[in-house]
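Numbers here are sequence positions counted from 1.
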Amino acid sequence: MRIALLASLFAVAAALPGQVLAQSASLFGDPRMRTELTLRDASWTFLEVEPPRDIRVQDKITVIVDEKSQLISEGEVQRRKTSNLDARLQDWIKLDDFALKPAPQEDGDPRIRGQLNSTFRTQSDLETQDGLKFRIAATVVDIRANGDLVLEAHRTIQINEEVWEQSLTGIVRREDVLPNNTVLSEDIAELRIVKREVGSVRDGYRRGWFLRILDRYQPF
């Protein structure tokens, strides 16, 4: 019985070359008529990815600056120094008739004797945290041979006598520019950010020229 069933199956397969008979649990119809399954056709929540925008010189790109840094430094120095000095000048000379002759000292040879002990110890701890966060529109000023974009941004805000100036330069890859025409500061190479304040607020806490000299050379 089994042999006859197998023979019938082989006969059907030979009669229909190129066709494979098998069960299919798919809801997309006959496997022979089925098209390629894609996420676009199968998912109700599929969102088309926007193609990369063609960026040219003088185009504007928004830079999202979010820089944070933390530094912890500890140092300790301890130094001790002991010096002993015992010096005596024993041979004296004098000039007599254009000749050098010994000149003994009646009060004895001069002698210097001393001892120096010094101790130096210092300990310092430093912990700093910095943060900078803002958004600024940058201009594409150049495009490198490999496609990288050179960005440059400047902004000045003035309220009465208070002036805030912000500048940014750097190089970013095209693929790092997001579809919404923004780029993160952490993706910018050779990043340089300059932030300057002018006005009465800055005058209230800035150091004078004398204090800057003292802090630089530390004479005490």
Side-chain donor/acceptor pairs under 3.5 Å, residues 133-147, sequence neighbours excluded:
from	atom 1	to	atom 2	distance (Å)
N146	OD1	D148	N	3.2
N146	ND2	D148	OD2	3.0

Inset, instruction - First locate atom CD1 of I171, then atom CG of L151, and finally report the distance between them rounded to the nearest 0.5 Å. - result: 9.0 Å
Inset, instruction - Quick one: list whatever passes side-chain hydrogen bond (donor to acceptor under 3.5 Å, both in side chains) with T82, sequence neighbours left out. - result: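 With neighbours one apart ignored, the set is N117.
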Inset, instruction - Taking the side chain as every heavy atom from C-beta outward, state whether E74 and E76 have any pair of such atoms under 4.5 Å apart. - result: no
Inset, instruction - Would you mind reporting whether D176 and R174 have side-chain heavy atoms less than 4.5 Å apart? - result: no
[X] with [Y], same ILVMFWY side-chain cluster at under 4.5 Å:
X: V177; Y: V57; value: yes
X: I55; Y: V63; value: yes
X: L168; Y: I64; value: no
X: V172; Y: I193; value: yes

[X]: partners by side-chain contact (heavy atoms from CB on, under 4.5 Å), with sequence neighbours left out:
X: N180; value: L178, T182
X: T128; value: L71, L126
X: Q129; value: Q70, E127
X: N160; value: none

Legend entry - Salt bridge flag under 4.0 Å for residues K195 and E197: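 Yes, this pair counts.
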Legend entry - Cationic N near anionic O, under 4.0 Å, R56 to D59: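 Salt bridge flag = no for D59 with R56.
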